[in-house]
**Student:** 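Structure below; questions to follow.
Residue numbers begin at 1 in each chain, while the letters A, B, ... track the order of the sequences.
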Amino acid sequence: MSSTARVHLSRLPGERVRVVDGDHTEVLDPAALPSYVAGREAHGDEPRWVWDDTARWYPALLEAGVRVARCHDLRLCHRLLRRAPAVDASLLDGEESALWDRLRPFEPSDPALFSVDDAGEHLRADLEDARQVAAVAASPEAVRLSLLVAAESAGALVAAEMTHAGVPWRVDVHDRLLTELLGSRPPRGARPRLLEELADEVRGLLDSPDLNPDSRPHLLAALRRAGVEVPDTRRSTLRRVDHPVVEPLVRYKQLAHLFSTSGWTWIDQWVRDGRFRPVYQPAGSATGRWSSNGGGALSFPVQVRSAAVADEGWVLVVADVAQLEPRVLAGMSGDQALARAARGADLYQGMVDDGAVPTRQDAKLGLLGAMYGATSGESGRMVAGLTRRYPAAFGLVEGAARSGERGEVVRTLLGRGCPALGGGSWDESPDAPPDDLDDQDRHRRAYGRFTRNFVVQGTAAEWASCWLADLRNRLWRLVDEGPLEARPHLVFFLHDEVVVHTPADLADRVADEIGASAAAAGALLFRELPVDFPLNTSIVRSYAEAGKPGAPPTVDA
DNA sequence: TTGGAGCGCGCC
DNA sequence: AGGGCGCGCTCCAA
């Protein structure tokens with residue numbers, strides 16, 4: 001690791017904080033921590049703060065106006081290193097290591113630093129950190145793992161900062177939208193007027209006055225009585241049926257979904273003081289992608305994005321990567337031909353221009369099919385032809401699938417290992433391999449599809465972490481002073497997309513930095529093979545205006 | 001009353 | 001027989 005000082009923070013019984021800085025140890029009152037940290041940051045040496053869980057320590061610092069430059073998140077990295085195939089796991093064993101194995105992510109509902117019967121209260125950050133540093137150093141993949149560990153920790157800082165700042169949210173706009181589509185807010189437990197009218201229309205058309213359209217069995221029975229035979233009530237299934245009930249029923253399902261997932265209850269729960277503050281879990285999924293356990297940050301529908309509106313005099317800079325995963329595949333596999341197709345804004349078109357496929361749609365189907373393990377249909381057929389044109393790229397995912405089918409674990413470019421077959425979290429069957437041979441075979445094949453996708457999705461997540469980490473620093477340097485939320489700052493991240501809230505006069509520079517950090521992330525991960533990571537970037541007042549190619553950037557009201 | 005499973009939806 | 005996730009709903013067992 002670098003010469004950066006590592007300062008270890010641990011909780012002590014009696015609500016004290018132990019600070020270990022090299023040979024120097026002191027004990028602080030938690031209330032004194034922000035000024036201590038601010039003092040160390042101000043000296044410019046920017047130590048690496050080592051703590052058990054960023055989500056536990058950092059919010060209070062941010063609340064006090066203290067931003068840190070770097071950290072090491074022991075819980076995240078412990079998990080990572082435990083599973084990394086290139087790490088000698090025995091180096092992680094030692095005093096308290098079983099407790100680190102069991103440490104759960106910090107929950108925002110917990111008291112910030114101390115809770116009564118919390119085993120973690122006694123965990124020694126300095127001891128665990130020493131084991132992790134040694135485990136990385138001893139690995140043949142030390143360089144890549146160091147990068148991964150740093151990027152993941154930086155991601156944890158970004159997550160806490162985004163929750164702290166929040167997405168600017170106009171409740172009045174959201175409410176107006178809901179009222180137009182659903183009618184005014186109903187009393188608790190009731191349907192809004194327009195939704196109820198649609199339900200009535202469906203009941204009438206199916207001649208089932210008591211039907212609850214939210215109940216699948218009832219709905220299936222009512223459809224059957226009306227002569228509609230369907231295996232399920234999915235929208236795509238219903239659309240194939242020719243019956244007058246289909247149109248109002250599909251509309252009902254759409255609006256019911258909006259009402260329940262993004263309606264007034266959601267506003268009450270997640271929007272405070274004009275900010276939507278989702279809770280992120282960096283590396284919360286098996287592949288290393290972020291997950292979210294609050295606010296539905298990963299799925300808030302396009303329909304309500306118009307309520308995300310920049311503050312007066314500010315704008316949102318929205319940027320997403322075009323075809324992130326195929327580009328990552330090109331980079332990690334070293335596939336020269338695919339990398340060549342990836343020069344420029346549209347990788348799929350690049351494959352067409354390359355003469356590999358007749359149409360853009362074919363390119364997309366074939367590539368996605370290869371990454372997801374499609375075996376049949378149009379997608380499956382495309383894969384065969386493309387394998388000849390892009391042998392390294394297609395060979396890489398194919399190899400990962402074979403490894404999985406043999407029951408082996410696979411790893412990402414930076415060394416994250418996937419969960420073992422039957423190990424639990426990759427699917428819902430913890431152990432107990434099926435006794436039936438056919439089932440066992442199916443199980444292995446499913447695992448092969450998982451490992452196939454894991455290598456690409458996981459490496460894409462690593463690219464995104466590096467992107468975020470670099471962008472975070474660049475944004476911070478754009479302005480000389482002021483707390484985080486008074487400067488250009490990240491407010492949202494979703495796999496391959498970022499949103500930055502910034503004073504309008506800095507928007508162009510922010511857009512440049514987003515592009516520069518994307519290029520930097522690519523160079524960092526795939527130095528041997530330059531792959532482009534072009535962005536669709538919009539400067540908008542409202543999130544809903546973003547992402548329309550050709551739409552003029554609107555900077556005024 | 002509660003918790004988990006399964007469904008269907010939405011995001012990538 | 002296409003990967004990852006969260007969430008709200010209904011239904012049913014405890």
Side-chain angles (χ1 to χ4, degrees), chain A residues 189 191 212-220 230-238 249-250 252-263 265-266 269-270 278-305 320-326 328-329 364-380 382-383 397 400-401 404 410 412 418-419 425-429 438-439 441-461 464 492-498 543 547:
Chain A
R191 287 194 183 89
N212 170 11
D214 293 329
S215 164
R216 228 171 326 112
H218 292 187
L219 186 55
L220 279 172
V230 281
D232 56 65
T233 63
R234 275 199 288 266
R235 203 155 62 214
S236 56
T237 305
L238 293 171
L249 180 54
V250 164
Y252 173 86
K253 288 166 77 77
Q254 241 165 0
L255 291 179
H257 190 256
L258 173 70
F259 173 60
S260 63
T261 65
S262 314
T265 313
W266 181 93
Q269 193 173 2
W270 295 107
V279 180
Y280 298 94
Q281 296 254 18
S285 77
T287 57
R289 270 190 175 183
W290 290 25
S291 62
S292 158
N293 60 1
L298 278 65
S299 61
F300 77 80
V302 178
Q303 273 175 301
V304 300
R305 290 192 179 181
D320 71 283
V321 189
Q323 306 114 16
L324 175 60
E325 292 187 0
V328 164
L329 175 58
K364 186 173 179 176
L365 270 178
L367 213 36
L368 294 180
M371 291 190 297
Y372 290 156
T375 55
S376 63
E378 205 176 339
S379 186
M382 295 307 306
V383 173
V397 286
V410 296
T412 59
C418 72
S425 58
W426 82 275
D427 71 2
E428 291 310 320
S429 51
D438 286 345
D439 282 353
D441 198 50
R442 264 194 294 279
H443 197 237
R444 281 179 175 270
R445 277 228 257 277
Y447 185 66
R449 284 192 299 277
F450 169 70
T451 54
R452 172 196 291 274
N453 187 252
F454 177 91
V455 293
V456 180
Q457 191 184 113
T459 305
F492 189 68
F493 165 65
L494 182 55
H495 308 317
D496 63 357
E497 176 171 7
V498 293
Y543 197 177

**Student:** Toward the 5' end of DNA chain C, which comes first, A/R289 or A/S292, by nearest nucleotide?
**Tutor:**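 Going by which nucleotide is closer to the 5' end, it is A/R289.
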**Student:** Measure OH/A/Y280 against P/C/dG4 and give the value in whole Å, please.
**Tutor:**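 It works out to 22 Å between those atoms.
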**Student:** Verify, without hydrogens or angle tests, whether A/S292 (side chain) and A/Y280 (backbone) share a donor-acceptor contact under 3.5 angstrom.
**Tutor:**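 No.
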**Student:** Can you see if the side chain of A/R449 gets near the phosphate of C/dG2 - specifically, an N or O under 4.0 Å from OP1 or OP2?
**Tutor:**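 The answer is no; no side-chain N or O of A/R449 sits under 4.0 Å from OP1 or OP2.
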**Student:** Round to a whole Å and report the spacing from CZ of A/F450 to C1' of C/dA1.
**Tutor:**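 Value for this atom pair: 18 Å.
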**Student:** So does A/R234 reach the base of B/dC7 with its side chain, donor to acceptor, closer than 3.5 Å?
**Tutor:**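 A donor-acceptor contact between them is absent.
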**Student:** When the distance from CD of A/E497 to C1' of B/dG10 is rounded to whole Å, what number comes out?
**Tutor:**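 After rounding, the reported distance stands at 14 Å.
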**Student:** I'd like to know if the side chain of A/T459 reaches the main chain of A/V455, judged simply by a donor and an acceptor atom lying under 3.5 Å from each other, with no hydrogens or angles considered.
**Tutor:**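 Flag set: sc A/T459 to bb A/V455 pair under 3.5 Å.
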**Student:** Kindly point out which of B/dC9, B/dC12, C/dC5 is positioned nearest to the side chain of A/R305?
**Tutor:**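 For the A/R305 side chain, the nearest candidate turns out to be B/dC12.
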**Student:** Measure from CD on A/E325 to C1' on B/dC12 and round the result to the nearest Å.
**Tutor:**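 Those two atoms, CD and C1', are 8 Å apart.
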**Student:** What class does the angle between the rings of A/F493 and A/H495 fall in, given that below 30° is parallel, 30 to 60° is tilted and above 60° is perpendicular?
**Tutor:**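 The arrangement is perpendicular - the two ring planes meet at more than 60°.
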**Student:** Please name the pair of heavy atoms, one in A/R452 and one in A/Y372, separated by the smallest distance, quoted to 0.1 Å.
**Tutor:**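 Closest heavy-atom pair between A/R452 and A/Y372: CD-C, 3.8 Å.
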**Student:** In this structure, how many angstroms lie between the P atom of C/dG3 and the CZ atom of A/R445, rounded?
**Tutor:**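 Between P of C/dG3 and CZ of A/R445: 13 Å.
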**Student:** Rounded off to whole Å, could you give me the CZ-to-P distance for the A/F493 and C/dC5 pair?
**Tutor:**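 Spelled out: CZ on A/F493 to P on C/dC5 is 15 Å.
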**Student:** Looking at A/S291, does any N or O in its side chain come under 4.0 Å of the phosphate oxygens OP1/OP2 on C/dG6?
**Tutor:**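 Answer is yes, contact under 4.0 Å.
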**Student:** For A/Y372 and C/dG3, is the gap between ring centres under 5.5 Å while the planes differ by less than 30°?
**Tutor:**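 By the stated criterion, A/Y372 and C/dG3 stack.
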**Student:** Whole-Å distance between C/dG3 C1' and A/Q457 CD?
**Tutor:**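 It is 6 Å, rounded to the nearest whole Å.
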**Student:** So A/K364 and A/P326, do their side chains get closer than 4.5 Å, heavy atoms only?
**Tutor:**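 Not touching, per the 4.5 Å side-chain cut-off.
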**Student:** Determine whether a donor-acceptor pair (N or O, by modelled atom type, separation under 3.5 Å) exists between the side chain of A/S285 and the backbone of A/S291.
**Tutor:**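 Such a contact is absent between A/S285 side chain and A/S291 backbone.
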**Student:** Is the shortest side-chain N/O distance from A/R235 to OP1 or OP2 of B/dG10 below 4.0 Å?
**Tutor:**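 Yes, such a contact exists.
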**Student:** Distances under 3.5 Å only, N/O to N/O: pair up the protein atoms with those of nucleotides 8-14 of chain C.
**Tutor:**
| unit_1 | atom_1 | unit_2 | atom_2 | d |
| --- | --- | --- | --- | --- |
| C/dC11 | OP1 | A/S215 | OG | 2.5 |

**Student:** Between B/dC9, C/dG3, B/dC12, which nucleotide gets closest to the side-chain atoms of A/H257?
**Tutor:**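 Output: B/dC9.
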**Student:** Ignoring hydrogens and angles, tell me if any N or O in the side chain of A/R216 forms a donor-acceptor pair with the backbone of A/D232 under 3.5 Å.
**Tutor:**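 Checking the backbone N and O of A/D232 against the side chain of A/R216, no donor-acceptor pair under 3.5 Å is found.
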**Student:** In this structure, how many angstroms lie between the P atom of C/dG4 and the CD atom of A/Q281, rounded?
**Tutor:**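 Checked: the CD to P distance equals 18 Å.
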